[in-house]
Each structure stands twice: as structure tokens, then as C-alpha cells.
Amino acid sequence: MFHARSLLEDQAWVLDQLLALVRDLRPDAVLIAGDVYDRAVPPPEAVALLDDVLARIVVDAGVPVVMIAGNHDSAQRLGFGARLLTARGLHVAGLAGREAACVTLSDAAGEVRIYALPYAEPAAVRDAFGVELPGHEAALAARLDAIRASHPAHARSVVVAHAFVIGGEASESERPLSVGGSGAVAASVFDGFDLVALGHLHRPQTFNERIHYAGSLLKYSLSEVTHAKSVSLIELAGDGTVGIEPIALSPRRDLRIVEGQLADLLAQAAADPRRDDYIHAVLTDAGALLDPMARLRQGYPNALALERAVLTRSGEAGAAGQRLRQLDTGELFADFFKEVAGEALDEDKRRVLNQLLEGIAAADRESA
Ligand SMILES: [Mn+2]
């Protein structure tokens, strides 16, 4: 959901692009590092879409999938049937266990072990592994140490995990992993693994050339407006060297910011081939506007939000903004009335308005 709009069609649109890439490029596996859903109990339509996409990758294209739960997901629900599905090539890690799920692939250079580490609350890990320190870093370090202890030296190693690496760039879309204590982990906890495929952060980013966030498939908040969304084609060489190539996804409707006076934006929208995009408008009009969102949607039908530049930019506003901030409530209402009714407030109406405002002010004083 985004501004109360379902993004299901938009998700199906980019997932079709992912499926086309899978068919063309024939990867050895598709890694999905969570979050899979945006909430513990996802809407049925979202479950149906994921079910369809996984069947087309695993059954139709014959490419295995390794998928882990993120912090938004219900680990228990996501992991339903996992032991049955794994024989078919769908490897789902929901609840974190004492032993990490491992998928072994091989090529001419030998074995590759893919370890699936779903998101887990540090408290749950502490008991299972006997971790003494609090926090995500100690918990994840303990889980990774257990893998290191049993990983055979001849095999290359891939870790799929859900974490916030220190230095990573977040947006407003990620739900914090920890309230209070630190939810972040140092990149060094992943030392020794050839490739680390991470979920959580929505912007694609890479640490030390082998610790990689592919990022989200779509923009899920205004803070992601400048992101270039992609999927990552990762090549793991025989010597463990990692090559990462982002492949751009083109959204059905992009998320954009447009700025200007409402009339100018409407004129611009008429000639805009992408007028169906999701629009966040910054209106620079100085005076009152009647139902500007409804008018904006005549030009941009999928406009989601608007802000008034003169009201929000206190520091740099021009004369119009200064004037609006200096008006008292009565004057502001008179301005609004003129916009709505097309005529100025006459003496009688002003008197009624002033009486009402005084009454409200008196009631405020009493309750204060
Ligand atoms: Mn997450």
C-alpha cells in the first residue's frame, strides 16, 4: 500500500520483468532476502501474486529460489510447508533455527553453499546460541560463527540475510529493526564469506564489493523518489570473486515530484506522456486554492499528495509566504472565502465570523 493505494498491479508489472530476466539469463538461483511482504498477515492478492511468481520461476523456468523472512514478515507463516517445498527447488527460511538452512549448488569450479539466515529477534538467538551480549550484531555474529565452524574449506560460500549494515543508506520505508538499542551490524561480521546478499535497505548498495543490497523493486516512500530500482545479476567466479551488475526495472508508474503553480502543472500534465505516474506535487501558488487535489487529479489522475510551498518553506518563502504567515485566522478565512465564493466577505459576515472566532478563543482559554 502507498498513500492508501494498492501497488499490486505495479508489483506484477516489475515481477514480469524479473521473470523475463530469469528466462533469458538462466541464473543458477534467485535469492530473495526479505522483506517478502510488508506485514505479517498480507492481503490475499499479494499472497496469490507471490505464489504465481514463485511457481513460474521454480516450476516453469526450473530455477531454484532461496527466500528468507525479513522483519516485516511472519516467519512462521512464510515458512509453512518449507520442508516439502525444498525438494522441488523452493527453499524458504522462515523461523531461524539453531542450524542455518543450506542449499548446495555446484559448477565446474566446485561447490557453492548458500546459507539462508532469516531475520530473527536478538532475544530468540540469545537463548539458542548462548549469546551474552545484547543486540543484533552479537546475535548475527553468533549465527555466522556457527556456519563458519562447519563450512567446508573447498566450497565457496554465500550468505542470504536480513540486516542493517552500519554505513548503509536508509530511506523512510524501512521499519527500524530495534527500538532503543542498535539495530545495525558492522560489515565485518560477514568476514570470510564470498558473497553476502542482503535485504532490508531499499536503495541498492554494496560494501567491500561483495556485501550487497539489491534494494526494493519499487519506490515505497517519497524518500525513495531519486532511487534507481533494479535487480542484481551476480556472478560468483570459481575463485570466489564477485561481479555485480544492476539491471534496471521500469515501473508501470514512476513516483515523481512536480513543482509549480497549479494551472501550469495542469497545462504540463496535458502534454505529459507519463501523466499516469504517481505524483507528489509542490504547489507554489500564493493565495488560497479550492480543492487543489481534485483539480490536480484532472491532470495527474494518480496524484497522491501535495504540499504548498509557501506554507512549508518558512525560511526561503517569498513575499506571498511572508504575507500568509502574518495573516490572522480571520484574514485567512476571508482569503479562503473569496477563493470559494468569488466575492469578498461583507460587513455582516465579518461580524459573524469575528463572533465565532472570539467564542472559540474563549473556549480555548477556559480549557487551557
Ligand atoms: Mn526489513
Side-chain angles (χ1 to χ4, degrees), residues 1-2 7-8 10-11 14-15 18 30-43 46-47 49-50 53-54 65-79 82 91-96 100-101 115-125 135-141 143-144 158-187 189-190 195-207 211-225 227 229-232 249 255:
M1 301 297 292
F2 186 50
L7 293 179
L8 199 75
D10 305 79
Q11 288 168 326
V14 289
L15 286 167
L18 172 66
V30 172
L31 310 181
I32 304 173
D35 296 289
V36 177
Y37 297 115
D38 69 343
R39 69 193 84 164
V41 183
V47 178
L49 177 59
L50 179 66
V53 167
L54 291 175
V65 168
V66 179
M67 180 168 85
I68 64 166
N71 56 309
H72 288 240
D73 297 307
S74 160
Q76 197 87 56
R77 290 192 181 91
L78 198 72
H91 309 280
V92 183
L95 272 181
Y115 298 98
L117 273 76
Y119 174 80
E121 292 294 335
V125 177
H136 281 268
E137 186 170 295
L140 189 55
R143 297 167 75 192
L144 291 166
V158 177
V159 166
V160 185
H162 195 84
F164 188 162
V165 169
I166 292 170
E169 189 191 333
S171 67
E172 287 166 10
S173 307
E174 296 92 357
R175 191 181 300 163
L177 296 181
S178 171
V179 178
S182 174
V185 304
V189 299
F190 298 109
L195 167 67
V196 181
L198 292 178
H200 188 58
L201 298 181
H202 285 210
R203 185 194 280 281
Q205 48 201 302
T206 306
F207 301 83
I211 301 172
H212 180 66
Y213 288 95
S216 58
L217 300 176
L218 293 174
K219 300 172 182 178
Y220 288 106
S221 72
L222 190 62
S223 65
E224 299 180 51
V225 72
H227 290 194
K229 298 302 187 184
S230 56
V231 291
S232 300
L249 297 169
L255 171 64

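Start at 1 and go down the list; that is how both ligands and their atoms are numbered.
The aromatic ring centres of H136 and Y119 sit less than 6.0 Å apart.
The atom name of the N/O/S atom in D35 closest to the Mn ion (ligand 1) is OD2.
Scored by the salt bridge (charged side-chain N to carboxylate O under 4.0 Å, His left out) test, E121 finds no partners at all (sequence neighbours excluded).
The NE2 atom of H162, the Mn ion (ligand 1) and the ND1 atom of H200 define an angle of 90° (nearest 10 degrees).
Residue side and main chain included, N71 places an N/O/S atom under 2.8 Å of the Mn ion (ligand 1).
Note that CD of E169 is 6.0 Å distant from CD of Q205, once rounded to the nearest 0.5 Å.
Between H162 and L198 the shortest side-chain heavy-atom distance does not fall below 4.5 Å.
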